[in-house]
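First comes the structure, then the notes that go with it.
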Amino acid sequence: MASQVEIQAMRHAIALSAHGLGTTSPNPPVGCVVVDGQGRILGEGYHHRKGEAHAEGNALCAAGGAAIGATAIVTLEPCNHVGRAPACRQLLIDAGIVRVVVALVDPTSRGEGGVAALRNAGVEVEVGVLADEAELVLGPWLSALRTGRPTITWSYIADVSGPASALDRMPGVMELRKGVDAVLHADGRLEEGVLGGHGAGMINIPSRIHGDGDTALRSLYAGGVRSLLIDGGAGLTEPLLSEGLIDYVVAYLPHMSPSSSTGLGHEIVLAGFRITQISRAADHVCVHARREAAAPVIHRGSFAGE
C-alpha cells in the first residue's frame, strides 16, 4: 500500500504532468517524482515533447546518484520500448530505483509492459495509486486511444441567436487553447494549439478539415492530434453531436437580468451531457459539461508516440 508520502508525491507528479498538455502529442503528458526513504524529493520531471526525454528520464537526471535505493512516483506506467527516448523501465533499473509507484497502466505498452519488466528485475511496483486524479490530465489522451479520434471540446457563448464564437471574447478560451493540440474554427480552419510548436515529424495539422466528421477526425488522429477544441456556432458541431463525437462542452452564459421572459431559445447544456463545473465571472457564467456515454472499446490502431 502506498504511504502518505508517496500519495503526496503522486499528487505532485500529477501537477507536474499538466505542464505537458498541448505539447506532448501523440505522446501522453506524464509526470515523475523521485523520493528517498524519508520522503524528500530528489528529482522531478515531466515529458515536454515527443522525441525529448520522458518524465522518468528528466526526474532521474535531476536526482543523479541519489536515486540509488530511492522510489519513483510516476503518473503512467514506464514505457518498455526504445524509440527516440530510451525505455523508461530500463532507466529506472539502471539508476538503482528499488520501488516504483504508478497511477495508471499504459494501454499502449509493448511486449510484457514496463510494470512486468520492472518486477522481473526485482523492483517493487505498486499500481493504481490516485488513478482517478491522474486521469484529470491523462483522460483526453486515454480517450483518444480508445476511440481512435481526438478528444473534442466545444466552446461557445450561449447567445440568443444560437451558439457563438468565444475566442477573443472570453478569457477562459485562451486557457483551453493552451491544453489542446489543435483548434477548429467555425469557418473550418484548423490551427495548432497555443503551446504547439511541435515542428516537423511531431503532429500534422491540415489547414482545413475535409470529408465527413468521423473520417476527418480519424485523419487528425493519424496525424498525431489527440485533443481538439472546436469554437463557435453549431454548423460544424451538429453532425458531430448527432454522431456522439463531442466529448466536452464549455458554455459561456452572458450576464442577464435576474428576471427575464425572453430565454435563449436553445439549451445551454445539451441533452446527453452532465454539468461537471460552474463558475461565475463579472460578466458571465461558465458551464463545463461532459458527455454521458458508455466507455468504448480500446482502439487497436497504430500508436505514433515514443
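Everything numeric in this text was worked out from a predicted model, so none of it was measured.
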Between E77 (side chain) and D106 (backbone), is there a donor-acceptor pair under 3.5 Å? yes
Trace of the side-chain contact (heavy atoms from CB on, under 4.5 Å) decision for T75 with L16: CA-CA 10 Å; T75 59; L16 285 175; over 6 Å; no
Spacing of E135 atom CD and L104 atom CG [to the nearest 0.5 Å]: 5.5 Å
Electrostatic pair E56:R89 at N-O distance under 4.0 angstrom: no
Can you name the closest pair of heavy atoms from E6 and M1 and give their distance? OE1-O, 4.4 Å
Between T153 and V180, does a side-chain contact (heavy atoms from CB on, under 4.5 Å) hold up when you go through it step by step? CA-CA 9 Å; T153 300; V180 299; 5.5 Å; no
Please report, to 0.1 Å, the donor-acceptor pairs under 3.5 Å made by any side chain of residues 35-43, with sequence neighbours excluded.
unit_1, atom_1, unit_2, atom_2, d
D36, OD1, Q38, N, 2.9
D36, OD1, G39, N, 3.0
D36, OD1, R40, N, 2.8
D36, OD2, R40, NE, 2.7
D36, OD2, R40, NH2, 3.0
Q38, OE1, R40, NH2, 3.2

Relative to Y248, does R291 satisfy both conditions: NZ or CZ under 6.0 angstrom from the six-membered ring centre, and within 45 degrees of the ring's axis? no
Enter the distance from S25:OG to L220:CG here, rounded to the nearest 0.5 Å. 11.5 Å
Could you go through the side-chain contact (heavy atoms from CB on, under 4.5 Å) check for N27 and W141 one step at a time? CA-CA 8 Å; N27 285 358; W141 181 81; 5.6 Å; no
If Ile, Leu, Val, Met, Phe, Trp and Tyr residues are connected whenever their side-chain heavy atoms lie under 4.5 Å apart, and connections chain through other members, are L136 and L138 in the same group? no
What one should report as the nearest heavy-atom pair of H47 and E52 is CE1-O, 3.5 Å
Check this for me: R290, atom CZ, are more than 12 non-hydrogen atoms of other residues, nucleotides or ligands nearer than 6.0 Å? no
pair N58-C32: side-chain heavy atoms closer than 4.5 Å: no
Shortest non-hydrogen separation from N80 to A117 and the atoms involved: OD1-CB, 3.6 Å
Is the Y46 ring parallel, tilted or perpendicular to the H48 ring (thresholds 30°, 60°)? perpendicular
Gap separating the CD atom of E175 from the OG atom of S155, nearest 0.5 angstrom: 12.5 Å
Joint cluster assignment, V34 & V127, ILVMFWY side-chain distance < 4.5 Å: yes
Check the pair L92 / V123 against side-chain contact (heavy atoms from CB on, under 4.5 Å), numbers first and verdict last. CA-CA 9 Å; L92 293 166; V123 178; over 6 Å; no
Test of understanding: clusters of I, L, V, M, F, W, Y form through side-chain heavy atoms closer than 4.5 Å, transitively. Do V5 and V33 belong to the same one? no
Roughly how far, to the nearest 0.5 Å, is the CD1 atom of I230 from the CG atom of L190? 9.0 Å
Could you list the residues that satisfy side-chain hydrogen bond (donor to acceptor under 3.5 Å, both in side chains) with E44, not counting sequence neighbours? H12
CH2-CG distance between W154 and L241, expressed to the nearest 0.5 angstrom: 5.5 Å
Note: A103 and L130 closest approach over all heavy atoms is CB-O, 4.3 Å
Give every donor-acceptor pair under 3.5 Å between a side-chain atom in residues 269-281 and any protein atom, sequence neighbours left out.
unit_1, atom_1, unit_2, atom_2, d
T276, OG1, H288, O, 3.3

Check whether T151 reaches the backbone of S227 with its side chain - one donor and one acceptor, N or O, closer than 3.5 Å. no
Stepwise salt bridge (charged side-chain N to carboxylate O under 4.0 Å, His left out) check, R169 with D231: CA-CA 11 Å; R169 296 176 61 186; D231 177 72; over 6 Å; no
Rounded to the nearest 0.5 Å, how far does CD1 of I73 lie from CD of E126? 9.0 Å
Okay, side chain of R119, backbone of V125: is any donor-acceptor separation there less than 3.5 Å? yes
Donor-acceptor under 3.5 Å (T147 side chain, S143 main chain): yes
Correct closest heavy-atom pair for R226 and P26 would be NH2-CB, 3.4 Å
Closest heavy-atom pair, P78 versus C88, reported as atoms and distance to 0.1 Å, is CB-CB, 4.0 Å
